[in-house]
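As the structure is a computational prediction, the values presented were derived from the model and not from experiment.
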Amino acid sequence: MASDDRRLERLRLELAWFTGQAMLRSRGAGAILRFAHVRPRRRGFQPMRANEITPQFLDRAIRALKRWKYDFLGMDEVCRRAVTLPEKRRFVALTFDGAPKDLINFAYPVLTRHAVPFTIYVPTAFPDGVGEAWWLGLEQVIARESRISLMMGDKERRFTVTGNAEKQALFSYLESWLRSLPPAELSAAIADLCTRYRIDLAALSREASMDWEDLAKLAADPLVTIGSATVNYPVLANMKDAAALREMTMGKAVAEAAFGREIRHFAFPFGDRSSFRRSHVVMAEEAGFASAVSTIPGIVDAEGRTNPRALPRISWDGRVRSLRMMRVLVSGVAFAPVKPTGSAVGRT
């Protein structure tokens with residue numbers, strides 16, 4: 001079913017391309033693109049392939065956006081464009097979530113060569129070496145094993161998976177279940193699973209993340225904006241409000257202490273509609289952030305029509321390598337017009 005939905009969406013975007021809508025009817029002031037991983041193509045079981053692009057595709061995308069006359073902006077300038085009158089040229093902002101090691105190894109050389117600004121959102125527990133990339137532990141267990149058992153609530157569940165399709169389905173099922181748990185329960189569940197199958201989750205998480213030395217190199221580049229993504233990258237909707245606000249304010253404080261500068265921009269962990277609530281949009285303002293980005297798809301409008309603390313982003317699907325699709329998406333014609341609202345409380 002999911003593959004059928006993707007096929008229908010691609011056909012819809014292809015139609016928008018061939019009818020010329022992307023060139024003739026662009027909408028909004030610009031778009032924020034979101035990437036997770038940039039690294040060479042891998043083989044084997046890859047349940048999160050949608051979150052990966054290659055360095056070669058990143059290079060092609062930047063070249064294309066330059067040909068299409070987009071202005072490349074950092075998040076400070078995005079916030080300015082979101083409240084001023086529309087400008088003649090539309091903008092694009094490149095953003096990267098989670099501070100993965102592959103960003104400095106593979107993405108940064110491409111971004112430096114093109115001299116374009118970009119923003120990285122850092123969950124501070126990960127460069128400290130204490131963050132839990134639980135999704136990587138889950139991926140390794142399912143990749144290696146054909147029979148898997150784990151505690152789900154108070155019951156032990158057993159699964160038999162052989163081919164990639166079965167493994168992908170199990171990953172999607174367990175990933176969705178884990179994301180529904182409060183942080184303490186999620187940590188206990190993934191610890192149980194990784195212990196059973198001898199996965200060193202702490203080492204796996206450290207290996208996958210940049211350290212403070214890597215981040216200091218990026219922070220020294222005037223084209224790089226450092227943003228916050230809490231401390232531990234939890235699903236805020238699964239937390240009590242006081243704990244969620246503490247995650248947001250502590251992530252900001254740790255990053256400000258580490259980089260010696262104000263951290264003005266925030267990314268909601270995971271960022272989809274189920275991962276944060278309207279109250280968290282208000283918390284972002286209370287915590288002192290000038291902007292907060294989601295992964296809800298859409299474009300940024302001008303004249304204050306888009307809430308700066310609930311900004312939409314286009315999360316690029318690494319399984320799609322068509323620049324035509326990118327042009328349609330960043331043009332905004334694939335998304336409904338933004339409806340202006342009067343207050344941050346009403347805008348999500």
Report summary line: Interatomic distance, CG@Leu138 vs CG@Leu170, rounded to 0.5 Å, equals 7.0 Å
Query raised in the report: Hey, mind stepping through Phe72 and Tyr70 against ring pair (Phe, Tyr, Trp, His ring centres under 6.0 Å) and telling me if it holds?
Result: CA-CA 6 Å; Phe72 288 79; Tyr70 276 80; 8.0 Å; no
Query raised in the report: Taking the inter-plane angle between the rings of Trp135 and Phe270 on a 0 to 90° scale, is it parallel (under 30°), tilted (30 to 60°) or perpendicular (over 60°)?
Result: perpendicular
Query raised in the report: Hey, is the main chain of Val231 close enough, under 3.5 Å, to the side chain of Glu247 for a donor-acceptor pair?
Result: yes
Query - Student check: side-chain heavy atoms of Trp316 and Met326 closer than 4.5 Å - result: yes
Report task. Would you list the pairs meeting salt bridge (Lys or Arg N to Asp or Glu O under 4.0 Å) in which at least one residue belongs to residues 152-163, sequence neighbours left out? Result -> Glu156-Arg158, Glu156-Arg196
Report task. Please confirm whether the backbone N or O of Ile32 pairs with a side-chain atom of Arg313, one donor and one acceptor, at under 3.5 Å? Result -> no
Query raised in the report: Take atom CE in Met250; do more than 12 heavy atoms of anything else shown fall under 6.0 Å from it?
Result: no
Report task. Assess Lys252 against Phe289: is NZ or CZ under 6.0 Å from the centre of the six-membered ring, and within 45 degrees of the ring's axis? Result -> yes
Query raised in the report: Are more than 12 heavy atoms from other residues, nucleotides or ligands located less than 6.0 Å from atom CD of Glu166?
Result: yes
Query raised in the report: Mind checking whether Arg261 and Ile263 have side chains closer than 4.5 Å, heavy atoms only?
Result: yes
**Report entry** Matching residue for Asp71 among Lys88, Arg81, Arg90 - test: salt bridge (charged side-chain N to carboxylate O under 4.0 Å, His left out)
**Finding:** Arg81
Query raised in the report: Got a salt bridge between Arg39 and Glu52, using NZ or NE/NH1/NH2 to carboxylate O under 4.0 Å?
Result: yes
Query - Main-chain N/O of Val235 paired with Arg179 side-chain donor or acceptor, under 3.5 Å - result: no
Query raised in the report: So, are Asp200 and Arg206 salt-bridged, with charged N and O less than 4.0 Å apart?
Result: no
Query raised in the report: When you look at NZ of Lys66, are more than 12 heavy atoms from neighbouring residues, nucleotides or ligands closer to it than 6.0 Å?
Result: yes
Query raised in the report: Hey, does the side chain of Asp221 reach the backbone of Leu218 with a donor-acceptor pair shorter than 3.5 angstrom?
Result: no
**Report entry** Check: Val161 main-chain N/O paired with Ser146 side-chain donor or acceptor under 3.5 Å
**Finding:** no
Query raised in the report: Between Asn232 and Glu132, do the side chains contain an N or O donor and an N or O acceptor separated by less than 3.5 Å?
Result: no
**Report entry** Heavy-atom neighbours of Arg113 CZ exceed 12 at 6.0 Å
**Finding:** yes
Report task. For the pair Glu77 and Arg80, evaluate salt bridge (Lys or Arg N to Asp or Glu O under 4.0 Å) and give the outcome as yes or no after the intermediate values. Result -> CA-CA 5 Å; Glu77 182 64 10; Arg80 190 192 71 81; 2.7 Å; yes
Report task. Please answer whether the main-chain N or O of Val130 pairs with a side-chain N or O of Asp128 as donor and acceptor at a distance below 3.5 Å. Result -> no
Query raised in the report: Do the side chain of Ser187 and the main chain of Pro183 share a donor and acceptor less than 3.5 angstrom apart?
Result: no
Query raised in the report: Got a donor-acceptor contact below 3.5 angstrom from the Thr295 side chain to the Asp272 backbone?
Result: yes
